[in-house]
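Structure, as structure tokens:
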Amino acid sequence: MRLNRILLSASLIVVALVVQVSILARLQLPGAVPDLLLLTVLALAMVYGPTGGSLVGFGAGLLADLAPPADHAVGRYALVLCIVGYLAGLAKPEGGKLRSATGPLVVVVGAAIGSTLLYAGVGALVGDTAARDVGLGGLLFTASLYDLLLAPFTVPWIMALARRGEHDPVADASGGGGDVAAGWLTSGGAKGLAIGRQRGLRARAMKSRVARAGRIKGVKRL
């Protein structure tokens with residue numbers, strides 16, 4: 001990974017982990033905790049691709065394994081996020097531009113379910129039965145729900161920052177992530193904007209013709 005990728009990814013991961021541990025984990029929501037770290041990995045993976053996503057996921061997971069109040073074996077979450085980051089990187093949009101919110105939302109739901117199952121599975125292998133005691137079904141539902149609600153406010157903007165950090169021509173041409181936000185908010189926004197521009201051009205052309213006609217008539221009256 002290039003230096004700017006590493007610095008940007010590390011900064012975003014640290015911020016996400018601090019927010020998750022100090023704020024989201026203290027909300028005492030039923031079931032799972034909203035996983036801002038996972039969403040950050042997903043966003044970066046959908047910009048950097050499978051290789052970059054796996055490296056980002058491994059680093060983010062290892063940092064989460066070492067950060068207090070972690071109470072599980074070191075490397076457990078690193079393995080989970082490494083796999084999730086690789087798979088999410090395979091969903092990198094063609095040309096780096098999101099055209100609708102459907103694909104990324106499917107990735108978020110799949111990652112929330114997959115990471116929970118992988119984490120519980122690895123825990124079962126090492127004798128950790130916490131997921132079974134809490135209720136795996138409830139964890140899967142709440143993890144998917146919380147991450148799905150949080151994703152539109154985090155993933156598109158992290159993707160925009162990552163693309164701008166790479167000086168991506170698509171990001172530069174779109175003003176730093178406008179297409180990303182549009183893809184999450186509505187798939188028809190671009191069409192509406194294009195239709196609005198066409199109508200505006202037609203209106204200006206009509207006004208120009210009327211003005212020219214007025215000038216010609218005025219000359220004739222003179």
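Scope of the values below: all heavy atoms of this structure, side chains included, with no hydrogens, waters or symmetry mates.
- Nearest heavy atom pair, residue F153 against residue W157, reads O-CD1, 3.3 Å.
- T116 pairs in a side-chain contact (heavy atoms from CB on, under 4.5 Å) with only one of the listed residues (L139, V80, D35, L38), which is L139.
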Could you pull out every donor-acceptor pair under 3.5 Å between side chains of residues 104-111 and any protein atom, sequence neighbours left out?
none

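- Atom-to-atom distance recorded for D147:CG and L39:CG is 5.0 Å, nearest 0.5 angstrom.
- Closest heavy-atom contact between A151 and P156: O-CD, 3.4 Å.
- Separating the CG atom in L81 from the CG atom in L55 is a distance of 13.0 Å, to the nearest 0.5 Å.
- With R76 contributing its side chain and D65 its backbone, the two residues share no donor-acceptor pair below 3.5 Å.
- Nearest heavy-atom pair across S9 and Y48 is OG-CE1, 3.3 Å.
- Side-chain contact between T40 and T154: absent, with no pair of heavy atoms (C-beta onward) separated by less than 4.5 Å.
- Taking CG of L62 as the start and OH of Y77 as the end, the distance is 13.0 Å to the nearest 0.5 Å.
- Across all non-hydrogen atoms, the minimal contact from L36 to Q20 is N-OE1, 3.0 Å.
- Across L42 and A88, no two heavy atoms sit closer than the pair CD2-CB, 3.6 Å.
- Of all non-hydrogen atoms in A112 and A143, the two that sit nearest each other are CB-O, 3.9 Å.
- Counted within 6.0 Å of OH on Y146, heavy atoms from surrounding residues, nucleotides or ligands total more than 12; the atom is thus considered enclosed.
- With values rounded to the nearest 0.5 angstrom, L150 atom CG is found 11.0 Å from L145 atom CG.
- Looking only at distances, a side-chain donor or acceptor of S54 sits under 3.5 Å from a matching main-chain atom of T51.
- Considering only heavy atoms from C-beta on, T142 stays 4.5 Å or farther from L29 through its side chain.
- Note that the CE atom of M46 and the CZ atom of R163 stand 11.5 Å from one another [nearest 0.5 Å].
- Between L24 and L27, some side-chain heavy-atom pair lies under the 4.5 Å cut-off.
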